[in-house]
Colleague: 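Mind having a look at this structure? Questions to follow.
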Amino acid sequence: MTLLLKYAILQVMKFSKSCINTLREDPKEAESKSHRILLRGGFVRPLVSGIHIYLPLGWRILMRIEKIIREELNRIGAQEMLMPAICPRDVWEKSGRWIEYGDDMFKFKDRKGREYCLCPTHEEIITGIARNSIRSYRDLPQIWYQIQIKYRDELRSRFGVIRSRQFIMKDSYSLDRDDDGLSESFELHKQAYTNIYRRCGIDFEIVDAAGGLMGTGQSSEFVARVDGGEDTIAICANCDYRASLEVAQGIGKVFDFADSPVTEVHTPGKRSVDEVSDFLKVGSENLVKSIFYTASDKEPMLILLRGDYEINEGVIRSKFGFSYKPADAETIVRFFGAEPGFIGPVNKDDIAIYADDLLKGAKGMITGANKNDYHMKGLNLERDVNVREYLNLRVVKKGDACSKCRSELELHNSLELGHIFKLGTRYSKLLGATFLDENGEEKPIVMGSYGIGLERIMACVCEQKGDEHGAVWPISITPSEVYIVVLNPLDNDVAGVAEEVIQALTNNGFSVIIDDRDLSAGVKFNDSELLGIPLRLTIGPKGIKNDSFDIHLRETKEIVRVDKTSILCKLQELKSMLYRRLNE
RNA sequence: CGGGGCGUAGCGCAGCGGUUUAGCGCGCAUGGUUCGGGACCAUGAGGUCGUGGGUUCAAAUCCCACCGCCCCGACCA
């Protein structure tokens, strides 16, 4: 037997001889649905917090996802390569991200004391490659990608593989001569990503997003609505507006309170918005909360927000800088002469004051009096406060109106699956990746960066399609297409028919798990459902006697009954039907 | 880092006002009976009770410290 044939036969996984470990009970550490399914089905296993082992079935799924990603990226002309996971410090110093990424990066020293990190992403390295290999505008555009493990020392990993400290990522990078080129590369990726997620059977949305540590250019997120997600997206029920909560802009209700002169009120021990509004018997929208931010390298600033809204930290960081942090109590006392909960914007002209735009023209408001245990009533922003600028600084909340069409916005839990960014020239300028244009002029390469987390696709499918019995894999990424339950496998007739059917299936390109364990039927049926294999064929003495075999569809629970000669044909038909359904 | 929960066999758990030999269910092994939705009988293997220290004649059990895991928050492409 040639080696090739031997591997071809491995298309068949014999349950009794495979590393498949299903758990009869839910593992206690798993609370989210995808985590539960992935652990119980034995697809993954934890090693330490945030780091997982991908067992054979889980790895098969990931490999099939990889294949789809490769096909779609190759189709837009992207070239695959593989970069190292280890990178020396100086490369990251040049981009400024050795500090910016900070503790989120795994860092270590080699035996000579030289410092390295395990790459959390690869903009620095890719820009280095571009610097060496791109000379002329004639070399552009190009798209490069890799599928590789990324390392991020997350503050808190959670939900199994959804937020982990080591994960597989497809990261691609586009190199263009100008913004128009970048826009084209960006659109190509948008199309490729759309195809990828559709082929993986995921129901997804494309939303506007924040660039975060990547930069401040345009970025879009591919997200899935799931109950167990860790992010939130705002979706307009009426128009096509959708945005990640970090950047979503809504229109809030405006309240008109009667104007009056400023007076102090005694509010002993009442600090929070809820405490003060309860105590004074007013709605939280009647309050102005003051949040004091300081930064090591920038001037302190006071942010004013209406009491019924939360501050959008993402906007603070992208607008004012990453170094801004809410001040501690001691600093607040030093600047305001009052404790947190009692500070306010009146007579604070020496501090930069930015207010949320919902406060423009607000009057009759209540805010801290800069005196412990006192607030002030009758605040008129225009009259009493020296606001430097009004900006949208609040997080959208349920009931806000869409900024595009004024319909109501809905908020949904979501899971980030992929993110595409227009980087622009940030990295190429810092790291000197330039080209000569037709006029012989040296210009920085205009770059884009695009990422997909592979495990999240797997987890997302569990979240969206999984049911009380376990996983439901789409035919495109299932670890195996057909699960054959052999009942009474020690019976010679049964074993004979099973053998025959398996031959026919593998000869026709099916991947098969055969459950040849000598166990009672229920155990095998339940495992087939837990493992989520789309098609299940049962071979047992009764079926052989009556020449009637059951094919069960995992997703719809339909049962199709066929005679022996039609098994192959029917399975082929069902398989193509399942593929067709993915494209609908 | 703050708050909460937990750590006893591969998995799920009981025992935890100190007491010979640490239990139960599932799984695993052997033999037998079964066999179309988590079978049954018999026998058996499997444990540094998270780690270290302390109290005590005696610690899984009481005390201290540490480690690890999960959840909430802070934080995060």
Side-chain angles (χ1 to χ4, degrees), chain A residues 21-32 35-36 39-40 42 45-51 97 100-105 119-123 150 152-160 162-165 167 169-171 209-217 219-223 228 230-231 244 246-247 313-314 317-318 322 325-326 415-423 448-453 456 469-470 485-491 494 515 517-530 536-546 548-550 552 557 559 561:
Chain A
N21 262 295
T22 55
L23 303 175
R24 213 168 251 233
E25 281 156 291
D26 281 335
K28 65 175 170 185
E29 72 260 32
E31 285 185 27
S32 74
H35 196 194
R36 214 169 53 231
L39 287 181
R40 243 194 100 187
R45 188 177 294 169
L47 181 62
V48 284
S49 181
I51 299 185
R97 291 210 292 185
E100 230 176 60
Y101 241 108
D103 289 339
D104 286 354
M105 227 165 19
C119 290
T121 174
H122 278 78
E123 281 77 13
K150 294 282 183 274
R152 294 183 188 178
D153 194 0
E154 296 286 348
L155 209 40
R156 177 149 105 83
S157 42
R158 55 176 153 180
F159 307 138
I162 287 179
R163 179 161 294 279
S164 58
R165 298 194 294 165
F167 59 97
M169 185 193 234
K170 183 293 297 174
D171 45 324
L213 275 172
M214 287 299 172
T216 51
S219 89
S220 295
E221 265 178 22
F222 287 74
V223 303
E230 52 168 11
D231 295 324
S244 150
E246 306 162 289
V247 298
E313 300 262 358
R317 277 204 240 95
S318 60
F322 277 85
K325 299 263 155 30
L415 172 60
E416 180 185 351
L417 295 167
H419 206 151
I420 56 180
F421 300 90
K422 288 187 179 176
L423 294 176
S449 161
Y450 316 85
I452 289 181
R456 283 189 177 183
H469 302 292
V485 173
V486 183
L487 296 171
N488 212 344
L490 301 179
D491 179 304
V494 173
D515 195 342
R517 296 173 298 171
D518 187 20
L519 294 172
S520 65
V523 176
K524 303 189 198 187
F525 288 138
N526 284 322
D527 270 345
S528 81
E529 281 152 30
L530 175 58
R536 179 177 76 208
L537 172 70
T538 305
I539 298 177
K542 275 188 200 167
I544 292 172
K545 193 169 147 225
N546 305 326
S548 163
F549 297 85
D550 287 355
H552 173 265
K557 300 184 171 67
I559 292 179
R561 213 154 264 175

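Just so it is clear: chains get the letters A, B, ... in the order the sequence lines come, proteins before strands, and each one is counted from 1.
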Colleague: Just the rounded figure in Å: distance from P of rC1(B) to CG of D104(A).
Modeller: 15 Å
Colleague: In the structure shown, which nucleotide is the Watson-Crick or G-U wobble counterpart of rC28(B), with both distances under 3.5 Å?
Modeller: rG44(B)
Colleague: In Watson-Crick or G-U wobble terms, both distances under 3.5 Å, what is the partner of rA65(B)?
Modeller: rU51(B)
Colleague: Rounding to an integer number of angstrom, what distance separates rG15(B) and rC1(B) when you compare their C1' atoms?
Modeller: 35 Å
Colleague: With heavy atoms under 4.0 Å as the rule, sort F159(A) into base, sugar-phosphate or nothing.
Modeller: sugar-phosphate
Colleague: Would you say the side-chain atoms of R456(A) pair up with the backbone N or O of I162(A), donor to acceptor, closer than 3.5 Å?
Modeller: yes
Colleague: When you compare the side chain of R40(A) with that of P27(A), does any pair of heavy atoms fall below 4.5 Å?
Modeller: yes
Colleague: Between rC24(B) and rG31(B), how far apart are the C1' atoms? Round to whole Å, please.
Modeller: 25 Å
Colleague: Looking only at atom types and distance, does a side-chain atom of K170(A) sit under 3.5 Å from a main-chain N or O of Y450(A), one as donor and one as acceptor?
Modeller: yes
Colleague: For rC35(B), give its Watson-Crick or G-U wobble partner with both distances under 3.5 Å, or none.
Modeller: none
Colleague: Only pairs with both distances under 3.5 Å count, Watson-Crick or wobble alike; so what is the partner of rA58(B) in this structure?
Modeller: none
Colleague: Could you state the interatomic distance from CZ (F525(A)) to OG (S520(A)), rounded to the nearest 0.5 Å?
Modeller: 10.0 Å
Colleague: Given that both distances must come in under 3.5 Å, which nucleotide forms a Watson-Crick or G-U wobble pair with rG23(B)?
Modeller: rC13(B)
Colleague: Please give the distance between the C1' atoms of rU8(B) and rG47(B) as a whole number of Å.
Modeller: 8 Å
Colleague: Give me the distance, rounded to whole Å, that separates rG37(B) from rG73(B) when you measure between the P atoms they each carry.
Modeller: 44 Å
Colleague: Quote, to the nearest angstrom, the C1' distance that separates rA74(B) from rG3(B).
Modeller: 11 Å
Colleague: Specify the separation, in whole Å, of atom CD of E29(A) and atom C1' of rG12(B).
Modeller: 12 Å
Colleague: Distance between the P atoms of rU51(B) and rG68(B), in whole angstroms?
Modeller: 15 Å
Colleague: For E31(A), what residues pass the salt bridge (Lys or Arg N to Asp or Glu O under 4.0 Å) criterion, not counting sequence neighbours?
Modeller: none
Colleague: With P as the reference atom in both, quote the distance from rC16(B) to rU61(B) in angstrom, rounded to an integer.
Modeller: 12 Å
Colleague: R163(A) has an atom CZ; how far is it from atom C1' of rC70(B), in whole Å?
Modeller: 17 Å
Colleague: In terms of heavy-atom contacts, does CG of N546(A) have more than 12 from other residues, nucleotides or ligands at under 6.0 Å?
Modeller: yes
Colleague: May I ask you to test the V494(A)-P541(A) pair for a side-chain heavy-atom distance under 4.5 Å?
Modeller: yes
Colleague: Identify whether any heavy atom of E416(A) sits under 4.0 Å from a base atom; if not, whether one sits that close to sugar-phosphate; answer base, sugar-phosphate or nothing.
Modeller: base
Colleague: Reckon V48(A) touches a base, only the sugar-phosphate, or nothing at all at heavy-atom distances under 4.0 Å?
Modeller: sugar-phosphate
Colleague: Can you check the E154(A) CD to rG73(B) C1' distance for me, whole Å?
Modeller: 15 Å
Colleague: Treating K524(A) as the side-chain partner and L487(A) as the backbone partner, does any N or O pair qualify as donor plus acceptor under 3.5 Å?
Modeller: no
Colleague: If you round to the nearest 0.5 Å, how far is CG of D104(A) from CZ of R97(A)?
Modeller: 11.5 Å
Colleague: Main chain of A209(A), side chain of S219(A): is a donor-acceptor contact present, judged purely on distance under 3.5 Å?
Modeller: yes
Colleague: Starting at atom CD of E313(A), determine the distance to atom P of rC76(B), rounded to an integer number of angstrom.
Modeller: 8 Å
Colleague: Would you say that R158(A) contacts H35(A) through its side chain, given a criterion of any heavy-atom pair below 4.5 Å between the two side chains?
Modeller: no
Colleague: Could you go through nucleotides 23-25 of chain B and list every protein N or O atom that sits under 3.5 Å from one of its N or O atoms, giving the distance for each pair?
Modeller:
none

Colleague: Expressed in whole Å, how much space separates the P atoms belonging to rG44(B) and rA59(B)?
Modeller: 30 Å
Colleague: rC70(B) C1' sits how many Å from R165(A) CZ, rounded?
Modeller: 14 Å
Colleague: Taking atom types as modelled and ignoring hydrogens, do the side chains of T538(A) and H552(A) form a donor-acceptor contact shorter than 3.5 angstrom?
Modeller: no
Colleague: What is the separation between atom CZ on R158(A) and atom P on rC71(B), rounded to the nearest whole Å?
Modeller: 8 Å
Colleague: Return the 5'-most residue of the pair G451(A), P27(A) with respect to RNA chain B, ranking by each residue's nearest nucleotide.
Modeller: P27(A)
Colleague: What's the CD-P distance between E230(A) and rC75(B), to the nearest Å?
Modeller: 14 Å
Colleague: Using heavy-atom distances to pick each residue's nearest nucleotide on RNA chain B, tell me which of G453(A) and P46(A) is more 5'.
Modeller: P46(A)
Colleague: Within the structure, does a side-chain N or O atom of R156(A) lie under 4.0 Å from either OP1 or OP2 of rC76(B)?
Modeller: no
Colleague: Only pairs with both distances under 3.5 Å count, Watson-Crick or wobble alike; so what is the partner of rG73(B) in this structure?
Modeller: rC1(B)
Colleague: Report, as a single string ordered 5' to 3', how protein heavy atoms within less than 4.0 Å touch nucleotides 27-42 of chain B: B base, S sugar-phosphate only, - not at all.
Modeller: S-------BBBBS---
